[in-house]
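These notes are about the structure you will find just below.
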Protein chains: 2
Amino acid sequence: MEEDILYHFNLGTKTHDLPQMFGDVKFVCVGGSPNRMRSFAQFIHEQLELPGNIADIRDICEGTDRYSMYKVGPVLSISHGMGVPSISIMLHELIKMLYHARCRDVIIFRIGTSGGVGLAAGTVVITDKAVDSFFRPQFEQVVLGKVIIRSTELDEDVAQELLQYSSELPDIPTVIGNTMCTHDFYEGQGRLDGALCSFSTEEKLEYLRKANEAGVRNIEMESTVFAAMCRVCNLKAAVVCVTLLNRFEGDQISTPHDVLLEFQQRPQRLVAHFIKKRLGLIS
Amino acid sequence: MEEDILYHFNLGTKTHDLPQMFGDVKFVCVGGSPNRMRSFAQFIHEQLELPGNIADIRDICEGTDRYSMYKVGPVLSISHGMGVPSISIMLHELIKMLYHARCRDVIIFRIGTSGGVGLAAGTVVITDKAVDSFFRPQFEQVVLGKVIIRSTELDEDVAQELLQYSSELPDIPTVIGNTMCTHDFYEGQGRLDGALCSFSTEEKLEYLRKANEAGVRNIEMESTVFAAMCRVCNLKAAVVCVTLLNRFEGDQISTPHDVLLEFQQRPQRLVAHFIKKRLGLIS
């Protein structure tokens, strides 16, 4: 191609010098909410003790409202919206962008929120395998009307390293377990409080018990396609999500706002610690 | 339930007087981009000749960045992000909100953008049937690990009425046709320019030809679940999307920004015309 327009980033190979803008990127952190990814960029700026005013940080995708992107030294922080289709558009354009920018040895983290399966709210889950609604470690991609199956294995070494670092940080209860990725927040996750619900509390709990037996520790909406695409494209990837509630105890997220905010910082703190270790800023 | 927290709207039955806030809503317009739905709210404010300054319009969901919501007289304008999971979360909470607010006889429109299948860029497609990647007019919802099939038929009368009104407006070429809803923008829509691509130009064109033969006139990423959920919940619904390119001619969206902006206003102008007719503001 003569020109590659990364439409949903509002960037392109003719209009932007991608190697100059992104050539030094070594870590990419992605999460659903634009505000949270802005906060993370400010937090990592502080943690890496970089010069400049964190209030001045600029959204590289400000010409579009599809995604937000911030660059802080070797770290990119990008929002991906909610659900598999939304994160997959972002990943296609991110992977092309890293290619055009000639980046090497990049590690990518999804830092998100999730529902816990048998864990106390606030627990951080590092994903072993991302599984679908049938507890299979695979992602089904429809290509030209045919179903293609892709593996959803994540990088084991990065996961173990994250687990080890979690013990060095105070107040971040952390486990490794399977993460179930659904395409719906209500019926798809067995919630009784959606606009539609055709099952009983007992049937819901039975499904969650089966998930738990299959090693599922949390439920979110992006991990399978994230794992599958990163794997095919040879990007080392990890999923680090905090649980906002224990789904055995309820469906609604009624935890006070400030407690939720502190929970959401836990994956950020853990990944920031990992990045500082890798950069040799702490031993 | 004693309390219903509409988590992704940052609204709830205990914290907000939903009947007072939303009881008079008669039309709901939804679209992917928050900025576009803010512009639409300002446009409809102008069109309905309502009092007050359009610059003062306030995002009802400002406490969260998951969705944006604006209310202008009897019209709600809400963003839903990209893809089926993202719009389905919004629809669950919207349908519960309309129920709590005791709204009656609401018509809901998705006004969006799409890729055209054999149509000139800028054509508006009113959806007859929303079909999946296999051209079937159905939506598959996974509930507790079981696949449930739902019909994706939309309201025929509203579609015909929209088509009729399109002829009363200048420069809005409009057709009725089937809309294909995919879960991926690149491989899922047969694009050759994604980070991953395992097929040839000829295979891509063959797939688009088959889609065209099945009555598909445009491709987007939300219509099947939108049609299915509205149907089950007895909400009259229509999908009105403009095409940004003709997919037989390419994959990249390289049309100048100002032309794209004018294209994006076409579904807005058509739906605004419909609303004015229904409110008796024009004859």
Side-chain angles (χ1 to χ4, degrees), chain A residues 1 3-5 7-8 32-36 63-66 79 81-86 88-89 91-96 99 132-135 141-145 148 182-188 190 193-196 198-199 203-204 206-207 210-211 221 225 229 232-233 252-254 257, chain B residues 1 3-5 7-8 32-36 63-66 79 81-86 88-89 91-96 99 132-135 141-145 148 182-188 190 193-196 198-199 203-204 206-207 210-211 221 225 229 232-233 252-254 257:
Chain A
M1 283 192 294
E3 179 180 14
D4 190 9
I5 298 168
Y7 178 68
H8 301 85
S33 145
N35 290 345
R36 181 148 40 81
T64 171
D65 61 354
R66 300 299 191 171
S79 70
M82 290 185 286
V84 159
S86 188
S88 91
I89 297 174
L91 287 171
H92 271 283
E93 300 188 11
L94 169 67
I95 291 165
K96 292 203 288 179
Y99 171 83
D132 66 12
S133 303
F134 312 96
F135 320 136
Q141 170 76 51
V142 182
V143 180
L144 305 184
I148 288 180
T182 69
H183 300 305
D184 177 59
F185 185 79
Y186 288 95
E187 295 177 286
D193 64 335
L196 298 168
S198 53
F199 46 87
E203 287 168 319
K204 163 199 154 172
E206 177 62 23
Y207 182 63
K210 279 187 196 160
M221 299 182 66
V225 75
M229 285 185 67
V232 175
C233 296
Q252 293 231 322
I253 301 163
S254 51
H257 192 66
Chain B
M1 284 192 292
E3 179 180 14
D4 189 9
I5 298 169
Y7 178 70
H8 301 85
S33 145
N35 290 345
R36 182 149 40 79
T64 171
D65 61 354
R66 300 299 191 171
S79 71
M82 289 185 288
V84 159
S86 188
S88 89
I89 296 173
L91 287 172
H92 271 284
E93 300 187 11
L94 169 66
I95 291 166
K96 292 202 289 179
Y99 170 82
D132 65 14
S133 303
F134 313 97
F135 320 137
Q141 171 74 51
V142 183
V143 180
L144 305 184
I148 288 181
T182 69
H183 300 304
D184 178 58
F185 185 78
Y186 288 95
E187 294 177 287
D193 64 336
L196 299 167
S198 53
F199 47 86
E203 288 169 318
K204 163 200 153 171
E206 177 61 22
Y207 182 64
K210 278 188 197 160
M221 299 180 67
V225 75
M229 284 186 67
V232 175
C233 296
Q252 292 230 322
I253 301 164
S254 52
H257 192 65

ask   = So, B/Asn35 side chain and A/Asp65 main chain: donor-acceptor pair closer than 3.5 Å or not?
value = no
Taking side chain as everything from C-beta outward and backbone as N, CA, C, O, which of these in [X] sits under 4.5 Å from a heavy atom of chain B? Side chain, backbone, both or neither.
X: A/Gln252; value: side chain
X: A/Asp132; value: neither
X: A/Glu3; value: backbone

Counting heavy-atom pairs under 4.5 Å with chain B, which one of [options] comes out on top?
options: A/Glu206, A/Met1, A/Glu203, A/Arg66; result: A/Arg66
options: A/Val232, A/Asp4, A/Val143, A/Ile5; result: A/Ile5
options: A/Phe134, A/Tyr186, A/Phe185, A/Tyr7; result: A/Tyr186
options: A/Ser33, A/Ser86, A/Gly190, A/Ser79; result: A/Ser33
options: A/Lys210, A/Glu93, A/His257; result: A/Glu93
options: A/Gln141, A/Arg36, A/Lys204; result: A/Gln141

ask   = How far apart are the closest heavy atoms of A/Met82 and B/Pro85, and which atoms are they?
value = O-CB, 4.5 Å
query = Do you know which of B/Gly83, B/Gly188, B/Ala195 has the most heavy-atom pairs with chain A at a distance under 4.5 angstrom?
reply = B/Ala195
